[in-house]
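Note: hydrogens, waters and symmetry copies are ignored here, and every other heavy atom, side chains too, is used. The first residue in the sequence is number 1, and the count goes up from there.
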Amino acid sequence: MPPKPSSGTSSKAGSAAARKGPLALAGRVLAWALAIAAAGVVSLVLLAAVALAVAYPNLPDISDLADYRPKLPLRVYAADGALLGEFGEERRNLMPITQIPKIMKDAVLAIEDARFYEHGGVDYKGVLRAAVANLGRFKSQGASTITMQVARNVYLSSEKTYTRKIYEILLTFKLEHLLSKDQILEIYMNQIFLGNRAYGFAAASETYFGKPLQDITIAEAAMLAGLPKAPSAYNPISNPNRARTRQLYIIQRMQENGFITAAQAEAAKHEELHIRPPSEGLRVHGEFVAETVRQLMYAQYGDATYTRGLNVYTTLSSTDQIAAYNALRRGIMDFERRQIYRGPEKFIELPRDAAEMDDAVDDVLQEHPDNGDVLSAVVLEAGPKRVLAVRGNGDRIEITGEGLRPAQSGLAASAQPNVKIRRGAVIRVVRTPRNTWEITQLPEVEGAFVAMDTHTGAVRALVGGFDFQKNKFNHATQAWRQPGSSFKPFIYSAALEKGFTPATLVNDAPLFFDAGFTGGQPWEPKNSDGRFDGPMTLRAGLAKSKNMISIRVLQAVGPQNAQEWITRFGFEAERHPAYLTMALGAGSVTPMQLTAAYAVFANGGYRVNPWLIAKVTDHRGRTLVETTPPVLDENVRAIPARNAFVMTQLLGEVTSRGTAARAQAMLKRPDVYGKTGTTNDAIDAWFAGYQPTLAAVAWIGYDQPRNLGARESGGGLSLPVWISFMEQALKGVPVSQPAPPPGVVNSGGEWFYEEYARDTGVGSLGLDAALPAANGSAAVAPPPAEERNRILDLFRN
């Protein structure tokens with residue numbers, strides 16, 4: 001029998017066996033784990049292969065990105081390149097990668113994808129880093145590369161699903177295979193949304209800083225680079241503090257990645273940025289022009305108008321447009337100061353808590369935004385001698401003295417509740433030339449202003465109303481109004497062709513037309529000044545705007561003849577019925593039409609049609625349409641040159657000694673001509689006039705026609721607007737007085753048609769002389785008995 005092992009030997013063997021068991025188990029577990037992991041990897045690979053096989057054919061075709069064409073808005077410019085307006089869902093400037101400043105690219109790469117030029121579309125290091133960060137901080141950290149963002153922004157939705165993520169990764173690989181890194185970065189920097197309707201960094205630079213992207217600084221580039229993550233949260237206009245925090249972080253990242261030096265970083269952190277307020281998006285107020293262009297372009301290109309990047313260059317001069325806009329608004333606001341105060345726009349309860357009060361002020365002023373220089377404010381304290389108000393930016397303004405005068409009725413103790421200015425009232429204020437504040441109100445009256453080149457018809461300035469946002473109706477081109485006395489020159493022009501001269505005497509005496517003559521109500525016209533001054537020359541009659549003179553002249557010319565004559569200036573015969581009321585401007589014109597008509601006098605008798613669009617280009621600058629200015633020749637002659645010359649002499653009398661004498665006095669130049677116009681009951685106020693190179697018309701009236709006021713007139717309302725514009729528009733323009741054309745002579749200081757220089761035309765004594773035919777040549781026979789008797793009546797009544 002073999003000997004038993006000793007107890008020591010037995011103990012050691014058991015101990016080894018005990019150790020060997022767990023190790024073997026661990027080995028088996030590890031083997032199984034490795035096998036499972038390998039199977040998992042294989043499964044994932046197979047799954048990815050299946051997914052790739054299934055999904056890849058369904059990926060969108062991205063070949064068009066090789067010739068990237070994003071939605072580009074319609075942009076409208078003045079002739080000198082000033083932006084007037086843009087239309088489209090996206091405000092975007094397409095800029096090739098070679099033109100994007102390096103500092104802007106560096107800022108974007110520093111914060112969005114520093115390894116962009118190293119990875120193949122998916123940054124695995126970044127994914128791992130983000131995963132660790134998310135696990136450790138319980139806060140989501142993204143790992144999307146620029147290529148992945150392009151895939152998502154251009155082709156995919158923003159929903160967060162595994163399916164979309166798979167498509168995003170697959171599309172990323174496809175983009176990296178098809179396009180170069182520079183092409184991908186170019187798409188990203190032009191496509192990304194950056195707030196305030198700005199897409200792409202070139203548009204954002206204009207939107208936030210009002211400058212081209214090429215002029216960007218490091219500090220500005222860092223501010224813009226912070227926008228892609230959250231355009232609203234990091235918007236420098238609406239959230240300046242958060243935008244500043246992110247800007248500083250990006251500057252630090254740029255330094256860490258070696259894009260800038262420590263010194264540059266320090267300088268950028270201390271650079272003061274000048275953010276453009278939203279109201280400064282358009283530097284030139286050409287909203288009515290821009291809208292007119294939009295309509296014309298839409299009629300031509302349809303919906304593509306807003307996406308294909310059309311650039312429309314108009315004939316407008318930005319300096320003339322600014323002058324016209326300011327002149328019209330100033331004229332309307334001057335009129336508004338003479339009106340009864342209608343009361344605050346709204347009343348709110350102001351909390352006593354400062355923070356709550358600020359919120360209440362912000363909320364109500366968002367409903368009542370500033371209107372140009374007519375600012376909104378909320379009253380904090382109000383008394384008969386002092387009003388304290390707060391603006392939306394927190395500034396407090398004090399109104400005293402003369403600044404309270406326009407609103408005296410609202411400060412009186414007896415003021416009605418809806419008119420009384422008190423705490424919580426929303427009012428309007430303007431800054432005066434003396435740098436004080438004045439209470440005002442948004443006007444109810446409207447206006448229009450048009451200026452055009454007299455030789456080409458190119459529109460130089462157009463303002464269709466007081467404020468486009470308030471009223472989009474274009475009064476310059478759409479408002480058909482009675483022209484009043486501003487229409488008289490066209491009747492006088494017709495009379496010159498019928499033998500009248502500036503020296504012809506006409507009786508300024510009362511007229512009465514009974515029902516038998518009018519076929520309706522009896523008519524007893526009056527002069528605007530209420531006086532009858534007896535016989536006076538045609539020149540004096542026009543200068544003083546005597547209605548009786550104009551009516552008698554039209555009687556002599558014949559309403560039918562005059563109706564035909566005015567069509568030469570572009571007026572529509574059907575809008576000017578052949579009645580004697582035509583002599584007082586009872587028909588209908590638009591400010592634009594009247595401007596073109598006065599241009600005929602200014603340019604020597606040629607008909608020019610207004611035009612606005614000079615050139616249309618695509619987003620690459622290729623010309624699609626270009627307008628050739630018209631040539632003035634006999635084919636477009638409307639009236640004889642001598643007719644235009646003599647009418648200019650008569651209209652010069654109006655601006656030197658007549659109803660518009662302020663024109664030459666204030667402008668201090670003799671080469672300005674024109675005519676005031678005030679319709680019956682002072683419903684429309686006009687001034688139409690010209691300098692030989694520039695014709696312009698100002699109109700003021702209510703949309704729903706009503707009396708402007710017993711003391712209001714074209715000379716008091718519209719003439720100052722015209723003068724204010726011409727002061728700017730004629731700076732540096734030499735005095736230009738027309739030379740006498742063939743067929744006129746000067747006799748005794750007066751101009752005559754050559755054949756009437758010796759009293760052979762219609763005059764106080766030469767009534768037996770033959771009247772000339774409509775074309776200006778002398779008639780071969782005396783006028784018919786009826787016409788002769790009508791002429792005789794001019795002097796007998």
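- Counting heavy atoms of neighbouring residues, nucleotides and ligands inside a 6.0 Å radius, atom CE of Met666 does not exceed 12 of them.
- Atom CD of Glu86 sits about 10.0 Å away from atom CG of Asn311, to the nearest 0.5 Å.
- Using a 3.5 Å distance cut-off with no hydrogens or angles, the side chains of His274 and Glu272 do not pair a donor with an acceptor.
- Ion pairing of Glu444 with Arg706 is present here, as a side-chain N (NZ or NE/NH1/NH2) and a carboxylate O approach within less than 4.0 Å.
- Using a 4.0 Å cut-off between charged nitrogen and carboxylate oxygen, Glu336 and Arg342 count as a salt-bridge pair.
- Two residues are said to be in side-chain contact when any heavy atoms from C-beta on lie closer than 4.5 Å; Pro720 and Arg662 meet this criterion.
- Ring geometry for Trp722 against Phe687 counts as perpendicular: the plane angle is over 60°, on a 0 to 90° scale with 30° as the lower cut.
- Nearest approach of Val387 to Leu411, heavy atoms of both residues: CG2-CD2, 3.8 Å.
- Annotation: side chain to side chain donor-acceptor pair (under 3.5 Å) contacts involving residues 365-381, sequence neighbours excluded, comprise Arg329-Asn371, Arg329-Asp373, Glu345-His368, Lys346-Glu367, Asp370-Ser376, Asp370-Arg391, Asn371-Asp467, Glu381-Arg386.
- Leu380 CG to Glu398 CD: the interatomic distance, rounded to the nearest 0.5 Å, is 11.5 Å.
- Phe449 and Ala324 make their closest contact through CD2-CB, 3.7 Å (heavy atoms, listed as atom of the first residue, atom of the second, distance).
- For the residue pair Arg405 / Gln408, no side-chain donor-acceptor distance below 3.5 Å is found, with atom types taken as modelled.
- Inter-residue side-chain proximity for Thr595 and Thr590 is flagged as unmet; no heavy-atom pair is nearer than 4.5 Å.
- Considering only heavy atoms from C-beta on, Ile399 stays 4.5 Å or farther from Glu438 through its side chain.
- In this structure, CZ on Arg244 lies 9.5 Å from NZ on Lys269, to the nearest 0.5 angstrom.
- Counting only heavy atoms from C-beta outward, the side chains of Phe335 and Leu717 approach each other to under 4.5 Å.
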Side chain to side chain contact (heavy atoms under 4.5 Å, CB included) between Leu708 and Thr678, worked out = CA-CA 10 Å; Leu708 288 164; Thr678 310; over 6 Å; no
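- Looking at heavy atoms from C-beta onward, Gln149 lies in side-chain contact with Glu112 at the 4.5 angstrom threshold.
- For the atom pair CG (Asp684) and CZ (Arg481), the distance works out to 4.0 Å, reported to the nearest 0.5 Å.
- We find the CZ-OH distance between Phe725 and Tyr325 to be 15.5 Å, quoted to the nearest 0.5 Å.
- If you take OG1 on Thr315 and CE on Met452, they are separated by 9.0 Å, rounding to the nearest 0.5 Å.
- Checking each of Leu310, Thr307, Leu74 against Tyr301 for a side-chain contact (heavy atoms from CB on, under 4.5 Å) leaves exactly one that passes, namely Leu310.
- The neighbour count for Tyr249 OH, taken as heavy atoms of other residues, nucleotides or ligands under 6.0 Å away, does not exceed 12.
- Counted within 6.0 Å of NZ on Lys229, heavy atoms from surrounding residues, nucleotides or ligands total 12 or fewer; the atom is thus considered open.
- A donor-acceptor contact under 3.5 angstrom links the side chains of Glu220 and Thr217, judged on distance only.
- Nearest heavy-atom pair across Val589 and Pro483 is CG2-CB, 3.7 Å.
- Side-chain atoms of Asp681 never come within 3.5 Å of backbone atoms of Ile683 as a donor-acceptor pair (strictly under, hydrogens ignored).
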For Phe87 and Val76, run side chain to side chain contact (heavy atoms under 4.5 Å, CB included): C-alpha distance rounded to whole Å, both residues' side-chain angles, the deciding distance at 0.1 Å, then the answer.
-> CA-CA 9 Å; Phe87 301 90; Val76 184; 4.2 Å; yes
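- The aromatic rings of His475 and Trp699 lie parallel to each other, their planes meeting at an angle below 30°, with 60° marking the opposite boundary.
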